[in-house]
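The structure appears right after this line, and notes come after that.
Throughout, a chain's letter reflects where its sequence line sits, starting with A, and its residues are numbered from 1.
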There are 2 protein chains.
Amino acid sequence: MLDDHLTLAIVDDHPVVIEGLKAVLKERAYINTLSFTAGKAFIDFIKEHTVDFVLLDVMLPDISGIDLCREITGIAPDTIVLGLSNQAERSIILQMLHNGASGYLLKNASAEELLGCIEEAQAGKIVFSNEVKTIMAKPSRFDLRGMPSLTRREKEILRLIADGKTSQQIAAVLFLSVFTIETHRRNIFQKLQVKNVAELVKVAAGNGLL
Amino acid sequence: MLDDHLTLAIVDDHPVVIEGLKAVLKERAYINTLSFTAGKAFIDFIKEHTVDFVLLDVMLPDISGIDLCREITGIAPDTIVLGLSNQAERSIILQMLHNGASGYLLKNASAEELLGCIEEAQAGKIVFSNEVKTIMAKPSRFDLRGMPSLTRREKEILRLIADGKTSQQIAAVLFLSVFTIETHRRNIFQKLQVKNVAELVKVAAGNGLL
DNA sequence: CAAACAATACCGGAAAACCAGTAGTTTTTT
DNA sequence: AAAAAACTACTGGTTTTCCGGTATTGTTTG
């Protein structure tokens, strides 16, 4: 930012959204708006030019918003990226933040909300639109206090599950009945509030239980 | 180590193993040997006394070797811990190292091997007995070069799998046939060389794909 | 422009996971 | 010693995964 202008890029494959955002952003005369409908085109662009700010759709045809976000912050670490999407899924939001985004907005955010978030993000804050805030605010699962404590047996079985062992195999290794393993498995599911092994392993890995 | 002696603790629930190790360690007069058959007893001990070196069985009755290892290195960070086990499973070895162990030995290691490893670990190295070395040396999966690259679609589906979605649910979200999802799923399995979602999610999480 | 890769879709069958219970035994804690 | 927690085991049933193919249509790319 050599002058007092701000270069803002919209990356979204939906032309209507682009036009809507541009209209809102006209409110702020100091913002120069660019737009891209594909991730690759944008990547090529920032290799040659400087962009201060990006509004990035997470559902793009040619590349996932998450990967794109990582690439952008890799190439231009000073660029501020805000995720933009129709529905807010907690895991996606976290992935975006984890890959360098400075915030996350829903497309149904009001004009004031949008401009407010841009200004706050510009000031270095992490911003969310209101709906996103409510999603991020609540439990997650057990974000802060107390990962539910698993018993010895449960941890042991959890590790074997994560190693890809079937209940039969686990039963064989531990000299127990398959039924016992399945009972333990269900208890673990309940404690960690997951529905299947996929989620189980993700949660366990993310909380240092593996 | 205030003098030139070394306090070494053996933690193993098998008395025969303890005696065997003690016999081998007599070779080195400067090593004072202690032994424990339960993890908790040992934890209590190190809260009051200093131990320089621990040979730690990973299969203990009261606590998993992995958890115990973490506790030990938490309480006494200067203590050197070597894992000790009958069979070497790669994942367990990695977990031990990840929790602060300085190496891993198989119980069938020779006396020279054992003493050699203790001396090298004492000197700050990470040590493995020979058999363990061969296990650690080979493939792993794709440890060093090239995590196989997944396509956009595959990554997208991988994330949905890790979120605990079933193939039906994924198909519904992406407006695709269940068959398509299952094909992608199998392709992902093959690329990442896993047999089921549990392993898949573990590998993916461990390699930053989630 | 081929060749390779990506994405889509389908079939049938075996194995495993998942669900909702119940219940006895052992270990730990109060 | 009583209560609580952990560990064990079983029944019976539904859903999903996993395996082994095959095959068509685009899209990149050498």
request  = Mind checking V178(B) for me? I need base, sugar-phosphate or nothing, with any heavy atom below 4.0 Å counting as a touch.
outcome  = nothing

key: S177(A) side chain near dC10(D) phosphate (N/O to OP1/OP2, under 4.0 Å)   = yes

ask   = Is a side-chain donor or acceptor of N196(B) paired with a backbone partner of E199(B) at a separation under 3.5 angstrom?
value = yes

ask   = What's the closest nucleotide to the F179(B) side chain, out of dC10(D), dA6(C), dC11(C)?
value = dC11(C)

message = Looking at T180(A) and L176(A), would you say the former's side chain and the latter's main chain have a donor-acceptor pair under 3.5 Å?
response = no

key: dA17(C) base / R185(A) side chain donor-acceptor hit below 3.5 Å   = no

request  = Please answer whether the main-chain N or O of T151(A) pairs with a side-chain N or O of E154(A) as donor and acceptor at a distance below 3.5 Å.
outcome  = yes

query = Are any side-chain N or O atoms of N130(A) and backbone N or O atoms of K133(A), one a donor and one an acceptor, separated by less than 3.5 Å?
reply = no

inquiry  = Among dC10(C), dT8(D), dT8(C), which nucleotide has an atom closest to any side-chain atom of T180(B)?
reply    = dT8(C)

query = Counting side-chain heavy atoms from C-beta on, which of dT8(C), dT8(D), dT17(D) comes nearest to L176(A)?
reply = dT8(D)

Which nucleotide in dA6(C), dA16(C), dC18(C) has an atom nearest any side-chain atom of Q168(A) = dA16(C)

task = Name the residue closer to the 5' end of DNA chain C, choosing between K40(B) and F189(A) according to the nucleotide with the nearest heavy atom.
result = F189(A)

ask   = Is there a donor-acceptor pair under 3.5 Å between the side chain of Q169(A) and the backbone N or O of T166(A)?
value = yes

ask   = Side chain of R153(B): nearest nucleotide among dA17(C), dT8(C), dT8(D)?
value = dT8(C)

message = Rounded to whole Å, how long is the line connecting atom CD of Q190(B) with atom P of dG21(D)?
response = 11 Å

ask   = dG21(D), dC18(D), dC7(D): which one has an atom nearest the side-chain heavy atoms of R186(B)?
value = dG21(D)

inquiry  = Of the listed nucleotides (dC18(D), dC19(C), dA6(D)), which one gets closest to any side-chain atom of K191(A)?
reply    = dA6(D)

task = Record whether the side chain of T183(B) comes under 3.5 Å of the base of dC10(C) through a donor-acceptor pair of N or O atoms.
result = yes

inquiry  = For a quick check of understanding: with a heavy-atom distance under 4.0 Å over all strands, which category does N196(A) fall into, base, sugar-phosphate or nothing?
reply    = sugar-phosphate

ask   = Does the side chain of T166(B) get closer than 4.0 angstrom to OP1 or OP2 of dT15(D) through an N or O atom?
value = no

